[in-house]
Amino acid sequence: MNHWLMKSEPEVFGVDDLAKSPRRTTHWNGVRNYQARNFMRSDMRVGDLAFFYHSNCDEPGIVGVMKVVKTGYPDHTAFDRNDDGFDPDSDLEQPRWYMVDVQLQRKLAQPITLVKLREHANRALKGLALLQRGNRLSVTPVSAAHWDFILELA
DNA sequence: GCCAACGTTGGC
DNA sequence: GCCAACGTTGGC
C-alpha cells in the first residue's frame, strides 16, 4: 500500500466539506499538473491512504486522513467550459487530466501544521516531498516511515 | 532544443 | 499583497 499527501485550499474545498459530502467521499478533481496527474492515474490504488493538507490559508497543515476508494479516471471538469479547471486542449478520446475518489477516514482533532512538520525536516521527515524547497506539487507520495511518524504527531 | 516571457502556487 | 520557485508556452 502506498501513502500520499493531497493539497486543497480550504476556501475552495476543505476537510469539513469532505466530511459533509455523501459517504464522506469526493472526486479529487482539478489537478492540472502532469506529475501530480501521473501519481493519480498510474500509482494510486484502492486502499491507499492520503493526508488531507490545507494549503494557501492561515494555518497550512495536515487536517485529515483519507482513503482512496476509486483509482484514476478522467477528470470531467476539464471539459466543463464553466469550470476553473477547463482545459480546451483536453481531448474526450484521450483525456489529459485524471482524478481519483477519496473517502475521509478521520478528521484530526488538531491539525499538524506545516510549522510543526518543518521542525522535523532535517531528521525524521528528511526527504518528505512537501518540505522540499520550492515544492508546489499538489499530490505527493509519503513514505511509510514518514507516514507513521506524522501520524504520531497527531 | 533553447530560453525568455508568462502564469500559477503557496508561504509569509 | 508580495514574491520566490517552478511549470508551461511559443518564437526562433
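Computed over heavy atoms, backbone and side chain alike; hydrogens, waters and symmetry mates excluded. Throughout, protein chains are lettered first and strands after them, A, B, ... in sequence-line order, and every chain is numbered starting at 1.
- Residue F51(A) belongs to a hydrophobic cluster whose other members are M1(A), L5(A), L49(A), Y53(A), I62(A), V65(A), L108(A), I112(A), L114(A), L117(A), L125(A), L128(A), L130(A), L131(A), V142(A), W147(A), F149(A), I150(A), L151(A), L153(A), with links defined by side-chain heavy atoms closer than 4.5 Å.
- The environment of CG in D89(A) is crowded: more than 12 heavy-atom neighbours from other residues, nucleotides or ligands sit within 6.0 Å.
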N/O contacts under 3.5 Å, protein versus nucleotides 9-11 of chain B?
| from | atom 1 | to | atom 2 | distance (Å) |
| --- | --- | --- | --- | --- |
| dT9(B) | O3' | R136(A) | O | 3.4 |
| dG10(B) | OP1 | K7(A) | NZ | 2.9 |
| dG10(B) | OP1 | R136(A) | O | 2.6 |
| dG11(B) | OP1 | Y53(A) | OH | 2.7 |
| dG11(B) | OP2 | N56(A) | N | 2.8 |

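- In summary, of the residues considered (F79(A), Y34(A), W28(A), F86(A)), a ring pair (Phe, Tyr, Trp, His ring centres under 6.0 Å) with W97(A) occurs for Y34(A) alone.
- Of the N and O atoms on the side chains of R32(A) and T77(A), at least one donor lies less than 3.5 Å from an acceptor on the other residue.
- Grouping Ile, Leu, Val, Met, Phe, Trp and Tyr residues whose side-chain heavy atoms lie under 4.5 Å apart, directly or via other members, places Y73(A) in a hydrophobic cluster with M99(A).
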